[in-house]
Student: 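One structure, pasted below without further comment.
Whatever order the structure lists ligands and atoms in, that order sets their numbers, starting from 1. Remember, predicted model here, so these are calculated numbers, not experimental data. What you see below is based on every heavy atom in this structure, not just the backbone, and it leaves out hydrogens, waters and symmetry mates.
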Amino acid sequence: MRILVFAERNTGLAELCNGARNLGTQVEAIVIGSQDVSINADKIYAIPAQNNVMFEDYADSIAAIIDKSEAELLLVEPTKRCKLIAGRLAAMRGTSVITDIIEITANLETKRMVYGGTAIRKEKAVGGTMFAMVSAGTLISCADTAVQGTVEAAAYIEPASKIKVVSTTQKPKVTVNLPCAKRVIGVGRGIANEKDLEMVRQLAEVVGGEIGCTRPISEAEKWLPTETYIGVSGLMLVPEVYIAIGISGQIQHTVGINRSKVVIAINKDKNAPIFKQADYGIVGDLYKVVPALIKGLKQ
Ligand SMILES: Cc1cc2nc3c(=O)[nH]c(=O)nc-3n(C[C@H](O)[C@H](O)[C@H](O)COP(=O)(O)OP(=O)(O)OC[C@H]3O[C@@H](n4cnc5c(N)ncnc54)[C@H](O)[C@@H]3O)c2cc1C
């Protein structure tokens, strides 16, 4: 099977190409501008980067590559902007995008969670190229495999109606790569103040882990970037160890961590649902437990 991969970030491209290897025999990547990462792709279609062109306006150029490649599957990175492109591409082909995939087989049957994670829907595209977005952590293989694929120049095709760029503002960069982190510390609303995250950062340093959070911590409190919240509408992770601190364990969050090898929960409420998911649970005030853990682990 021939698979095309398109991503916004180099890390996303590398991860999806590695994951696509397990599904198809021919993996082809689409890049905009020069591509400065080693990727596991047999062919790379390079669309020349344009000045003042919005990301979404590359959709026509990508559509032409899909036609040429005759790929059975287009895998798109699950970022907001890639979602916009995938939607446009599917609309051009009179089809739709299968999103939030948590499982995909070599014969292109997919599974995704519906009703906030309480049910699984199985879907398969009918005919033509299937447009798919897997949830972060679903397909990834974090190995740094690289294949010396051939590079083919692809044309930039100007869309019939372009988005006009009025101004741009730099967004703070998120440097953590949670889907590839082996140890993740999840922060929930049990943390009372933003400054208390410092204590969690110290724990992360001691265990060599990255920090993620529940949705309210990023969306309501805005203490951590949106890109780091875990769950049905955020990241789906597969770490070796997940430490949930002050997290109640609502299903919308736990669907994002239930494939972790080991879950450790710290919560002062012994009836918190997170304990049903946890392999190890500490019932106690995180403000006492976390400093004690840091001290103990340092020793
Ligand atoms: C459609 C939809 C999609 C959603 N998607 C997501 C998603 O993708 N990800 C996500 O995370 N959420 C999502 N949510 C929200 C989700 O339902 C929960 O509201 C959220 O996960 C709860 O976050 P929390 O555990 O941080 O907060 P809370 O539920 O308020 O839990 C805080 C916990 O901290 C404990 N605690 C308090 N103080 C201390 C202390 N001092 N020491 C120890 N423990 C303490 C409490 O006992 C409590 O269990 C979604 C909701 C909806 C409706």
Student: Give the single entry among Gly212, Ala272, Pro216 that approaches atom 20 (C) of ligand 1 most closely by any heavy atom.
Tutor: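 The nearest heavy atom belongs to Pro216.
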
Student: Does Asp285 reach ligand 1, in the sense of a heavy atom lying below 4.0 Å from it?
Tutor: yes

Student: Between atom CD of Glu15 and atom CZ of Arg9, what is the distance when rounded to the nearest 0.5 Å?
Tutor: 6.0 Å

Student: Ignoring hydrogens and geometry, is there a side-chain-to-backbone donor-acceptor pair from Lys124 to Asn107 under 3.5 Å?
Tutor: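 At least one qualifying donor-acceptor pair exists.
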
Student: Please say which of Arg2, Lys43, Lys68 ends up in a side chain to side chain donor-acceptor pair (under 3.5 Å) with Glu28.
Tutor: Arg2

Student: Would you say Ile230 has any N or O atom under 3.5 Å from an N or O of ligand 1, going by distance alone?
Tutor: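 In this structure, Ile230 places an N or O atom under 3.5 Å from an N or O of ligand 1.
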
Student: In terms of atom number and element, which parts of ligand 1 are under 4.0 angstrom from non-hydrogen atoms of Asp269?
Tutor: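 What qualifies from ligand 1 is 47 (O).
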
Student: Who gets closest to atom 24 (P) of ligand 1 by heavy atom: Ile282, Thr214, Ile266?
Tutor: Thr214

Student: Side chain, backbone, both or neither: which applies to Arg215 and ligand 1 if a contact is any heavy-atom pair less than 4.0 Å apart?
Tutor: both

Student: Do any N or O atoms from the side chain of Tyr287 and from the backbone of Ile191 form a donor-acceptor pair under 3.5 angstrom?
Tutor: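 No; zero donor-acceptor contacts below 3.5 Å.
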
Student: Is a donor on one side and an acceptor on the other found under 3.5 Å between the side chain of Glu77 and the backbone of Glu8?
Tutor: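 Judged by distance alone, yes, a pair lies under 3.5 Å.
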
Student: When you look for heavy atoms under 4.0 Å from ligand 1, do you find them on the side chain of Ile274, its backbone, both, or neither?
Tutor: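 The answer is neither; Ile274 stays 4.0 Å or more away.
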
Student: I want to confirm something. Looking only at heavy atoms, which of Ser233, Gly190, Gly284, Ala192 is nearest to atom 36 (N) of ligand 1?
Tutor: Gly190

Student: What atoms of ligand 1 come within less than 4.0 Å of a heavy atom belonging to Gly188?
Tutor: 26 (O)

Student: Need the ligand 1 atom indices (1-based, order shown) with element for anything under 4.0 Å from a heavy-atom of Gly234.
Tutor: 8 (O)

Student: Out of Lys270, Gln252, His253, whose heavy atom is nearest to atom 15 (C) of ligand 1?
Tutor: Gln252

Student: Decide whether Asp60 and Tyr156 meet the rule of one side-chain donor and one side-chain acceptor closer than 3.5 Å.
Tutor: no

Student: Is it the case that ligand 1 has an N or O less than 3.5 angstrom from some N or O of Lys268?
Tutor: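 Checking ligand 1 against Lys268, an N or O pair does fall under 3.5 Å apart.
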
Student: Does Met113 offer a backbone N or O that forms a donor-acceptor pair with the side chain of Asp100 under 3.5 Å?
Tutor: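 It does not hold such a pair.
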
Student: Can an N or O of Ile217 be found at a distance shorter than 3.5 Å from an N or O of ligand 1?
Tutor: no

Student: Measuring centre to centre across the rings, with the benzene-like ring taken for any Trp, is Tyr45 within less than 6.0 Å of Tyr58?
Tutor: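 For Tyr45 and Tyr58, the ring centres are not under 6.0 Å apart.
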
Student: Enumerate the atoms of ligand 1 whose separation from the nearest heavy atom of Gly246 is less than 4.0 angstrom.
Tutor: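 Taking each heavy atom of Gly246 in turn, ligand 1 has 32 (C), 33 (C), 34 (O), 44 (N) under 4.0 Å.
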
Student: Has the side chain of Arg81 got a donor or acceptor atom that lies under 3.5 Å from a matching backbone atom of Glu56?
Tutor: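 No; zero donor-acceptor contacts below 3.5 Å.
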
